[in-house]
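All remarks here apply to the structure that follows.
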Amino acid sequence: MATVNIRRDVDDKFYRYKMPVLLTKIEGRGNGIKTVVPNMEDVARALNRPPSYPTKFFGTELGAQTTMANDRYIVNGAHQADRLRELLDAFIDKFVLCASCKNPETELVITGRGNNEDIHRDCKACGAHTGIDMRHRLTAFILKNPPKKDKKKGKKGMTAEANVGGPVVFDEKEGSNEDDSPSATPAAVPTEGTEIDAMLGRGGDPILDNPDALAKKVKNLDVDDDDEDEDSPFYQLRVWLTENAGPSDAEVVAKLKELDIVTKHKALVEIGHKLFTPENVAKEIEERSSLLNALVTSEKHQKSFLGGLERLVALAPNADDLIASGIVSKILMAAYQEDVLDEDVCINFGTHVSKKYVSKEQSKKVRKAADTFLKWLEEADSDSDDE
Ligand SMILES: [Zn+2]
């Protein structure tokens, strides 16, 4: 494969640290156009960083959404290869190279806790510990998705002894069936439909073509009040969402697939409860509208999603303040405007109390706060009647 010096500013063909040349492939068109980096895993391996880091870095620098699922690393929008290679240089400078000796044999180490968390680069070559600029937005992502320690093998892929004078060896994953050819590209994603649909495999995925088969498989789990069981996939989803704040839509879909609950309405309870932050939930529903539209496929799904949101609000430590701030109506408005919830379901939610998801008292408080939205709906209806 074509390689390049990890430090592209070093014009020395005997420079030891090499990486594959970053490749790009533009897919889709119109609003759905996106740039796929087919060899992101190989590039990241050469840098001894998870492939999600440089991908997310591109996203933060370009102000673009990124998706990372099923070994596909995608930046929304059309971006030239040269531009992404320049950004990769910036990533390497900020997050890989030792700030002291500029050697790339470093490891990211997180220290401290809570608000005092800090990330620095531990240099294997000179021993320096040099800090990362914690103002960069990628640092939040790194703290949420810390680098995994390779327990089995220690550092490989960038061992000095192994590759004197040669390119780094990309053999970190034992038995991985990699294709070394840089022209190898992953299977094309359909350009029609949303990216989420593509990830869900709409139109071909046996899971979705055979919901009955899947239903049978998890039938014993799909009854009420079993989701506290640690073996329940819904419980596992909740744990995962709790431990992984702010996953991408693609990561959520990948997790649902892994747990075999893509079509399950009860997954929406956990998503409503755990995917969002209480203070920003309305905005986050807008941002995740394509994910929600893909997952919320029936009235039952809508009700489960609302049940999860009810938990999010009612169980928040500052529930009373949140409710007083009008959050319930804002949530309903956002979900209604994004076509996630139907009018009837919203009205039913706002006019009935239920102890299915929270206590009766909590439910009363939350659902009563829907009245602003219900009034708005009424007015909107009478406006259209006038026309
Ligand atoms: Zn160093």
Side-chain angles (χ1 to χ4, degrees), residues 1-22 37 39-61 73 82-174:
M1 78 184 90
T3 59
V4 63
N5 288 344
I6 285 176
R7 275 185 66 191
R8 292 201 303 159
D9 59 321
V10 172
D11 185 21
D12 173 2
K13 64 180 173 176
F14 296 110
Y15 179 78
R16 296 220 325 256
Y17 303 104
K18 310 275 188 191
M19 62 180 173
V21 176
L22 183 116
V37 183
N39 66 340
M40 183 54 100
E41 287 202 322
D42 294 334
V43 172
R45 195 171 303 132
L47 300 172
N48 193 27
R49 295 289 179 268
S52 59
Y53 291 9
T55 309
K56 191 79 187 173
F57 182 85
F58 292 166
T60 62
E61 296 299 299
Y73 296 87
D82 281 349
R83 176 75 182 121
L84 292 187
R85 286 170 193 156
E86 279 169 18
L87 288 175
L88 183 66
D89 293 339
F91 170 80
I92 290 167
D93 187 52
K94 290 179 200 295
F95 293 92
V96 179
L97 298 180
C98 168
S100 176
C101 73
K102 299 287 176 196
N103 190 293
E105 280 187 77
T106 68
E107 200 177 312
L108 287 183
V109 176
I110 297 173
T111 57
R113 276 174 170 275
N115 291 331
N116 293 320
E117 274 183 320
D118 203 17
I119 307 171
H120 57 262
R121 290 158 283 188
D122 274 9
C123 180
K124 304 288 168 225
C126 77
H129 306 302
T130 50
I132 298 279
D133 179 1
M134 294 303 287
R135 289 166 304 180
H136 195 282
R137 284 170 54 203
L138 184 65
T139 57
F141 180 82
I142 293 174
L143 292 175
K144 279 182 198 160
N145 304 278
K148 287 190 183 67
K149 291 261 185 246
D150 192 344
K151 284 177 232 152
K152 272 189 295 186
K153 318 189 79 188
K155 293 268 92 52
K156 240 185 169 181
M158 211 189 270
T159 40
E161 308 81 16
N163 336 276
V164 175
V168 265
V169 180
F170 308 106
D171 64 351
E172 232 174 34
K173 270 198 243 156
E174 207 164 29

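All ligand and atom numbering here is 1-based and tracks the order in the structure. Everything numeric here is computed off the predicted structure, so don't read it as measured data. By convention here, the first residue in the shown sequence is residue 1.
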Dump the intermediate steps for side-chain hydrogen bond (donor to acceptor under 3.5 Å, both in side chains) on Glu61 and His136, then the final yes or no. CA-CA 10 Å; Glu61 296 299 299; His136 195 282; 2.7 Å; yes
Quick one: name the protein N/O/S atoms under 2.8 Å from the Zn ion (ligand 1), chain by chain. Cys98 SG, Cys101 SG, Cys123 SG, Cys126 SG
Backbone N/O of Val21 and side chain of Asn39: donor-acceptor pair under 3.5 Å: yes
Scanning both residues in full, the closest heavy-atom pair of Ala99 with Arg121 reads CB-NH2, 3.8 Å
Is the side chain of Tyr17 donor-acceptor paired with the backbone N or O of Glu105 at a distance under 3.5 Å, no angle test? no
Is any side-chain N of the basic residue among Arg7 and Asp93 closer than 4.0 Å to the acidic one's carboxylate O? no
Side chains of Met134 and Leu143: closer than 4.5 Å at any heavy-atom pair? yes
